[in-house]
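In what follows, a structure is listed as structure tokens, so that the remarks can point back to it.
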Protein chains: 2
Amino acid sequence: MNELMKFETYLRSHGQKMTRPRRVILEAFLGAEGHLSIDDILREAKKIDPGIGQATVFRTIRLITSAGLAREALQEDGARTFEHLADHPHHDHLLCVGCGKIIEFLSPLIEQEQQRIFVRYGFEPRGHMMELLGLCPECQAKERGEH
Amino acid sequence: MNELMKFETYLRSHGQKMTRPRRVILEAFLGAEGHLSIDDILREAKKIDPGIGQATVFRTIRLITSAGLAREALQEDGARTFEHLADHPHHDHLLCVGCGKIIEFLSPLIEQEQQRIFVRYGFEPRGHMMELLGLCPECQAKERGEH
DNA sequence: AGTAAGAATGATAATCGTTATCATTATTGT
DNA sequence: ACAATAATGATAACGATTATCATTCTTACT
């Protein structure tokens with residue numbers, strides 16, 4: 001089942017309609033990689049259909065996220081960003097506080113332990129957000145050089 | 001060494017001054033528990049000195065966080081929140097997406113693995129943020145009852 | 001296919017958190 | 001005590017997000 005069909009299924013099951021703007025925004029979003037702000041997505045969507053409005057991107061990204069096709073990533077420069085989950089295995093982020101570089105990693109051990117924690121507290125898992133913050137080797141070197 | 005002294009040390013070593021508003025805001029912040037928004041802190045600070053301004057709370061919380069006496073927590077209702085680190089061992093959060101309840105937990109296994117990841121990528125650790133999102137037992141029951 | 005009912009859209013205004021500005025006040029080293 | 005300079009608080013400015021609303025699109029029903 002592809003992403004468009006998943007989205008359509010989600011919409012139907014929630015009494016909502018599949019429309020052209022929603023299709024365009026989903027297509028634009030899936031076609032770009034990385035952490036995208038609303039305006040990034042709007043820009044991509046306008047390439048397909050210049051008539052798309054910003055408000056609809058806000059509304060549609062919320063739906064796409066609720067449908068489980070995207071998740072919110074870090075805030076970057078005050079604006080929320082999103083990344084889609086198609087053809088992109090689950091991962092967490094290691095962020096350099098110096099230059100903003102983002103490294104993706106996956107730790108099966110951590111994933112496993114998170115499941116245990118959900119079970120311990122009787123929670124039904126709905127997702128997680130994990131960001132490690134540090135200084136990358138390059139920025140460490142830069143910092144040493146300047147002292 | 002208490003928090004006030006740590007803050008004063010931090011300020012001096014960064015060429016900044018210890019002032020009455022900064023003392024008041026730190027005291028108000030330390031005196032409250034949980035995740036506090038800027039306006040929460042402002043409210044507490046005004047109880048001690050009604051003359052405190054919101055802008056100074058924004059500025060001072062940034063300093064307190066840089067000094068390592070607080071860390072940013074989840075965004076709640078669009079506003080950033082902070083929690084102080086005094087007499088409060090390090091922990092992560094398990095958040096119920098239904099009712100907003102927050103459970104604190106600590107997993108030495110995860111902490112250990114995070115260190116390994118920093119080392120693997122040559123990063124100098126600066127902190128981390130981990131939030132598990134799920135549905136608590138009560139909200140699960142509520143959801144089952146409504147269907 | 002045609003149509004009525006209601007949802008979705010896009011432009012715009014409104015809101016709200018955060019940051020910048022600036023005249024006044026407080027702090028510090030001498 | 002004083003001069004130099006940083007900090008403050010009020011307010012304006014800004015930017016992201018949400019609400020509003022007239023118009024347009026979808027859908028279910030005929």
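Since the structure is predicted, the reported quantities are computational estimates derived from the model, not experimental observations. Throughout, a chain's letter reflects where its sequence line sits, starting with A, and its residues are numbered from 1.
- Atoms CD (B/Gln16) and P (C/dG29) sit 14 Å apart, rounded to a whole Å.
- Atoms CZ (A/Arg80) and P (D/dG15) sit 18 Å apart, rounded to a whole Å.
- Among the atoms of the strands shown, none is found under 4.0 Å from any heavy atom of A/Arg12.
- Atom-to-atom, CG of B/Leu11 to P of C/dT27 comes out at 13 Å; the value is rounded to the nearest Å.
- Using modelled atom types, one side-chain atom of A/Ser13 and one backbone atom of A/Tyr10 make a donor-acceptor pair closer than 3.5 Å.
- Checking side-chain atoms of B/Thr81 against main-chain N and O of B/Leu74 turns up a donor-acceptor pair under 3.5 Å.
- When the side-chain nitrogen and oxygen atoms of A/Thr19 are compared with OP1 and OP2 of C/dA7, none of them lie within a distance under 4.0 Å.
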Below 3.5 Å is the cut-off: list the nitrogen or oxygen pairs between protein and nucleotides 9-13 of chain D, distance only.
from, atom 1, to, atom 2, distance (Å)
D/dG9, OP1, B/Gly51, O, 3.1
D/dG9, OP2, B/Gly53, N, 3.3
D/dG9, OP2, B/Thr56, OG1, 2.6
D/dG9, N7, B/Arg59, NH2, 2.5
D/dG9, O6, B/Arg59, NH1, 3.4

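- A/Lys17 places its NZ atom 8 Å from the P atom of D/dA28, with the value rounded to the nearest Å.
- Rounded to an integer number of Å, the gap from A/Met18 CE to C/dA7 P is 18 Å.
- Formation of a donor-acceptor pair under 3.5 Å by the A/Thr56 side chain with backbone atoms of A/Ile52 is not found in this model.
- Counting only N and O atoms by type, the side chains of A/His91 and A/Glu83 include a donor and acceptor under 3.5 Å apart.
- Atom pair B/Leu26:CG and D/dT8:C1' shows a separation of 17 Å (rounding to whole Å applied).
- Look at CZ on B/Arg20: it is 12 Å from C1' on C/dA26, rounded to the nearest Å.
- Distances shown here put a side-chain N or O of B/Arg22 below 4.0 Å from the OP1 or OP2 atom of D/dT8.
- Between B/His128 and B/His90, the ring planes are perpendicular. Angles over 60° get that label, and only those under 30° would be called parallel.
- For DNA chain C, no neighbouring residue in residues 63-72 of chain B is found when judged by any heavy atom under 4.0 Å.
- Side chains of A/Glu104 and A/His88: a donor on one and an acceptor on the other come within 3.5 Å.
- Within 6.0 Å of CZ in B/Arg116 there are more than 12 heavy atoms belonging to other residues, nucleotides or ligands.
- Sorted by first and then second residue, the pairs that involve residues 30-83 of chain B and meet ring-ring contact (aromatic ring centres under 6.0 Å, His included), not counting sequence neighbours, are B/His35-B/His93.
- Inspection of the B/His84 and B/Glu3 side chains reveals no N or O donor paired with an N or O acceptor under 3.5 Å.
- Between the CG atom of A/Asp77 and the C1' atom of D/dA16 there is a distance of 12 Å, rounded to whole Å.
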